[in-house]
Amino acid sequence: MDMDVGFVGLGVMGRPMALNLARAGTRLVVWNRTAARSEVLREAGADVAASPAEVCRRARVVLLMLADGPAIDAVLGRGTPGFAANVAGRVIVHMGTTSPGYSRGLETDVRAAGGRYVEAPVSGSRGPAETGRLVALLAGEPSAVEAVRPLLRPMCHEAFVCGAVPNALLMKLSVNLFLITMVTGLVEAFHFADRNGLDQGLLRDVLDAGPMASTVSRAKAGKLVDRDFTVQASIVNVLDNNRLVAEAARASGVASPLLDACHALYRETLALGHGQADMAAVLHAIASRTASHRGTG
């Protein structure tokens, strides 16, 4: 039986997204490189394919939630004779975060092979993915975007059309720039309060009561108070996003001084062995700088 929607990539974000689709009754066929991650989708009613090519063969719309360009190319068979068979007559939806230039090139190749292409990166981390509260950013040919938009409702509570490719990814990078610098500033504020003997729970309450409070600040402040660095968005992932924003900034001649400072801190956090921890673990790099400063003072 043909399936309407395929989903490839069941990682930290992809698995809850696909689960929300399956639980909403979407006829779904899925594939993941680590097969065991597909079992919860099977239990939710999705079909589990033996290969990405099977997903493409059975689905008219293929959603990709993959880590990077090489992973997408491998799944689609880009650069091989199988690529055209995988994309022709289908809508390929790129939901991850890659460079805008990569996405523009992928759109060109998909359309040349007889397929349609939509950028649909999402704003939000694992928590919003689990609750269906992601924000989708859409770009592409209008008819393809409109065909995809209704499918996103079980995963995303808002969807914004950004124009032509790669505007959705440029918008996502703009959002990520704000996220990275905001969270890093929040962590530094908690470190400052802690080293001055203040009650961090009280700082959280003060921030929650004021005009700077947000869903992100509340989530990260809770992690900092509890020293809970269970991953929502990992240090490795943030570093990769930071790199993408910095490269896009350089390509367009835009200064990014705050982002550059954050990049250094996240690199230091990775070097300290916290790559798989939540981005709030950048606290370790800031604390290490404090210790170094005191040691030379």
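Worth saying up front: this structure is predicted, and the values here are computed from it rather than measured.
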* To do: Tell me, please, which residues at least two apart from N20 pass side-chain hydrogen bond (donor to acceptor under 3.5 Å, both in side chains).
  => none
* **Non-hydrogen atoms of A233 and N237 that approach each other most closely** => CB-OD1, 4.4 Å
* Asked: Linking I/L/V/M/F/W/Y whenever any side-chain heavy atoms sit under 4.5 Å apart, do V175 and V238 land together?
  -> no
* Asked: Side chains of H191 and T290: donor-acceptor distance under 3.5 Å anywhere?
  -> yes
* Can you establish whether the number of heavy atoms outside R243 located under 6.0 Å from its atom CZ is more than 12? => yes
* To do: Return the set of residues passing salt bridge (charged side-chain N to carboxylate O under 4.0 Å, His left out) with E188 (not counting sequence neighbours), or none when no residue passes.
  => none
* Structure fact -> Heavy-atom closest pair (V110 atom, V87 atom, distance to 0.1 Å) is O-CG2, 4.1 Å
* To do: Report the C-alpha distance between R218 and K223 in whole Å, list the side-chain angles of each, state the deciding distance to 0.1 Å, and finish with yes or no for side-chain contact (heavy atoms from CB on, under 4.5 Å).
  => CA-CA 9 Å; R218 290 188 174 101; K223 284 184 169 296; over 6 Å; no
* Examine V245 and V236 and state if one hydrophobic cluster contains both, with Ile, Leu, Val, Met, Phe, Trp and Tyr joined whenever side-chain heavy atoms are less than 4.5 Å apart. => yes
* Spacing of L179 atom CG and L173 atom CG [to the nearest 0.5 Å] -> 12.0 Å
* Y117-T108 side chain donor-acceptor pair, cut-off 3.5 Å -> no
* If you group Ile, Leu, Val, Met, Phe, Trp and Tyr by side-chain heavy-atom gaps below 4.5 Å, do L202 and L198 land in one group? -> no
* To do: Would you mind listing every ring-ring contact (aromatic ring centres under 6.0 Å, His included) that reaches into residues 33-74, with sequence neighbours excluded?
  => none
* Taking the side chain as C-beta and beyond, is there a heavy-atom pair between L244 and D240 under 4.5 Å? -> yes
* **Rounded distance (nearest 0.5 Å) linking atom OG of S123 with atom CG of N176** => 7.0 Å
* Asked: At what distance, to the nearest 0.5 angstrom, does CG of L170 lie from CG of L137?
  -> 11.0 Å
* Asked: Should L63 and M17 count as side-chain neighbours, where that means a heavy-atom distance under 4.5 Å?
  -> no
* Asked: Short question: side chain of D226, backbone of D228 - any donor-acceptor pair under 3.5 Å?
  -> no
* Asked: Who are the salt bridge (charged side-chain N to carboxylate O under 4.0 Å, His left out) partners of R104, not counting sequence neighbours?
  -> none
* S234 side-chain N/O to V231 backbone N/O, donor-acceptor pair under 3.5 Å -> no
* To do: Please report the closest heavy-atom contact between G124 and M13, naming both atoms and the distance.
  => O-CE, 3.2 Å
* Asked: Who passes salt bridge (charged side-chain N to carboxylate O under 4.0 Å, His left out) against D260, sequence neighbours left out?
  -> none
* Atom of G140, atom of V165 and distance for their closest heavy-atom approach -> CA-CG2, 3.8 Å
* Atom CZ of R15 and atom OG of S38: how far apart are they, to the nearest 0.5 Å? -> 9.0 Å
* May I ask you to test the V91-V62 pair for a side-chain heavy-atom distance under 4.5 Å? => no
* Tell me, which pairs form a side chain to side chain donor-acceptor pair (under 3.5 Å) where one or both residues lie in residues 75-84, sequence neighbours left out? -> D73-R78, R78-D109
* Sequence neighbours excluded, which residues qualify as side-chain hydrogen bond (donor to acceptor under 3.5 Å, both in side chains) partners of E54? -> R58
* Asked: Quick one: does M171's side chain get under 4.5 Å of F160's, heavy atoms only?
  -> no
* Asked: In terms of hydrophobic clusters joined by side-chain contacts under 4.5 Å, are V48 and L19 together?
  -> yes
* **Pairs flagged by salt bridge (charged side-chain N to carboxylate O under 4.0 Å, His left out) wherever residues 197-207 is involved - sequence neighbours left out** => none
* **Least distance between heavy atoms, M212 atom then L207 atom** => CE-CD2, 4.0 Å
* Asked: With a 4.5 Å heavy-atom cut-off, do E107 and E119 have their side chains touching?
  -> no
* Asked: Can you find a heavy atom in the side chain of L10 that is under 4.5 Å from one in the side chain of V30?
  -> yes
* Asked: Is any side-chain heavy atom of Y102 closer than 4.5 Å to a side-chain heavy atom of L169?
  -> no
* Structure fact -> In short, side chain to side chain donor-acceptor pair (under 3.5 Å) pairs touching residues 267-286 with sequence neighbours left out are K220-D278, E268-R289
* **Short side-chain to backbone donor-acceptor contact, R90 and A85, under 3.5 Å** => yes
* Structure fact -> Between the CG atom in L138 and the CG atom in N167, the distance rounded to the nearest 0.5 Å is 12.0 Å
* Asked: Just wondering, do H94 and S103 contact through their side chains at under 4.5 Å, heavy atoms?
  -> yes
* Structure fact -> Test side-chain contact (heavy atoms from CB on, under 4.5 Å), reference L76, set V8, L64, L66, output is L64
* To do: Go through C156 and V135 one step at a time and tell me if the side-chain contact (heavy atoms from CB on, under 4.5 Å) criterion holds.
  => CA-CA 5 Å; C156 306; V135 175; over 6 Å; no
* **By side chain to side chain contact (heavy atoms under 4.5 Å, CB included) - contacts of P128 (at least two apart)** => S125, R133, L134
* Structure fact -> All heavy atoms of P121 vs all of G96, minimum pair found to be CB-O, 3.6 Å
* Can any side-chain N or O of D68 pair as donor or acceptor with the backbone N or O of A71 at less than 3.5 Å? -> yes
* Would you confirm whether T184, through its side chain, and T181, through its main-chain N or O, come within 3.5 Å as a donor-acceptor pair? => no
* Kindly say whether S288 contributes a backbone atom to a donor-acceptor pair with the side chain of S292 at under 3.5 angstrom? => yes
* Connected via hydrophobic side-chain network under 4.5 Å: M279 and V12 -> no
* To do: Show your reasoning for whether side-chain contact (heavy atoms from CB on, under 4.5 Å) applies to V216 and M182.
  => CA-CA 9 Å; V216 171; M182 176 181 66; 3.6 Å; yes
* Looking at CG of L224 and CG of D194, how far apart are the two atoms once the value is rounded to the nearest 0.5 Å? -> 10.0 Å
* To do: Evaluate the side-chain contact (heavy atoms from CB on, under 4.5 Å) criterion for residues T131 and H157: first the C-alpha distance (whole Å), next the side-chain angles of each, then the deciding distance (0.1 Å), finally the verdict.
  => CA-CA 10 Å; T131 58; H157 77 109; over 6 Å; no
* Option passing side-chain contact (heavy atoms from CB on, under 4.5 Å) with L28 (candidates L21, V55, D47) -> L21
* **Side-chain (K172) to main-chain (V122) donor-acceptor, under 3.5 angstrom** => yes
* Structure fact -> Applied to residues 6-34, the ring-ring contact (aromatic ring centres under 6.0 Å, His included) test, sequence neighbours excluded, yields none
* Sequence neighbours left out, what passes side-chain hydrogen bond (donor to acceptor under 3.5 Å, both in side chains) with E158? Give chain and number order. => none
